[in-house]
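See below for the structure under consideration.
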Amino acid sequence: MALTHYADPADVKAFRIPGSTAVNAFSGWSDANILELIQQVEEELERKLNDKFYQFAQTIYADGSGNTFLFLPVVAEFPYRIITLTSVTEVDFNRATVLSTFVEGTDFTYDKFNLRTNDTVPTRIRDAIGKLGVWPLGRKNIKIVGSFGWAETPKNIVRAVCRWCFINSVGEEKAGLSKAAGE
């Protein structure tokens, strides 16, 4: 389930800055115009916060670490936050040939940003110098398929998008946010 926008036009139209007497200028805006503003605000918010706040399915390739931890790559400066994993395999340099398939719970576990081998019992993940369960060393040799991002957009992100859209529509001064002269 991919979320198109963090907020929708109805959220933005209804938003008021607490304590502000500014009139919402969206009454004359079409939903298409508001969606365009939302998109601009979301792109800027993602850049500033270095994250994406929706769920997306993707296949990624990680470098095998030769250690018990496998950290997910950072792509376009966004870290991959794991929601669920569909499959984890070791692939050859051509990325088409599967060399090994790893089973969640048996071979590895995961948290938000990395996978960890089960290094206490023998698994399909390789032994290395007497150490059980290390990820095969290599470049982009671990194929990970799953859902990444956020399962649900945090409410404070929705509010931030609405607030930023509101401020962009009426300006900082009308929104009651401009600084006093000389500050």
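In what follows, residues are counted from 1 in the order of the sequence shown.
A cation-pi arrangement is absent between Arg159 and Phe15, since the terminal nitrogen or guanidinium carbon is not both under 6.0 Å from the aromatic centre and inside a 45° cone about the axis.
Comment: Asp31 engages Lys13 in a salt bridge, judged by a side-chain N to carboxylate O separation of less than 4.0 angstrom. For the pair Arg116 and Asp111, the salt-bridge criterion is not met [side-chain N within less than 4.0 Å of a carboxylate O].
The heavy-atom pair separating Gly64 from Asn141 by the smallest distance is N-OD1, 2.7 Å.
A 6.0 Å sphere centred on NZ of Lys112 holds no more than 12 heavy atoms belonging to other residues, nucleotides or ligands.
Applying the side-chain contact (heavy atoms from CB on, under 4.5 Å) test between Val161 and each of Thr153, Ile38, Asn156 identifies Ile38 as the sole match.
Under the 4.5 angstrom side-chain criterion for Ile, Leu, Val, Met, Phe, Trp and Tyr, the cluster partners of Phe71 are Phe69.
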*Taking it one step at a time, do Glu43 and Gln39 satisfy side chain to side chain donor-acceptor pair (under 3.5 Å)?*
CA-CA 6 Å; Glu43 288 172 3; Gln39 182 68 38; 2.9 Å; yes
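With contacts defined as side-chain heavy-atom distances shorter than 4.5 Å, the pair Phe148/Ile60 qualifies. Annotation: side chain of Leu115 is not in contact with side chain of Ile142 (no heavy-atom distance under 4.5 Å).
Residues meeting the salt bridge (charged side-chain N to carboxylate O under 4.0 Å, His left out) test with Lys155, sequence neighbours left out: none. For Glu104, there are no salt bridge (charged side-chain N to carboxylate O under 4.0 Å, His left out) partners at least two apart in sequence or on another chain.
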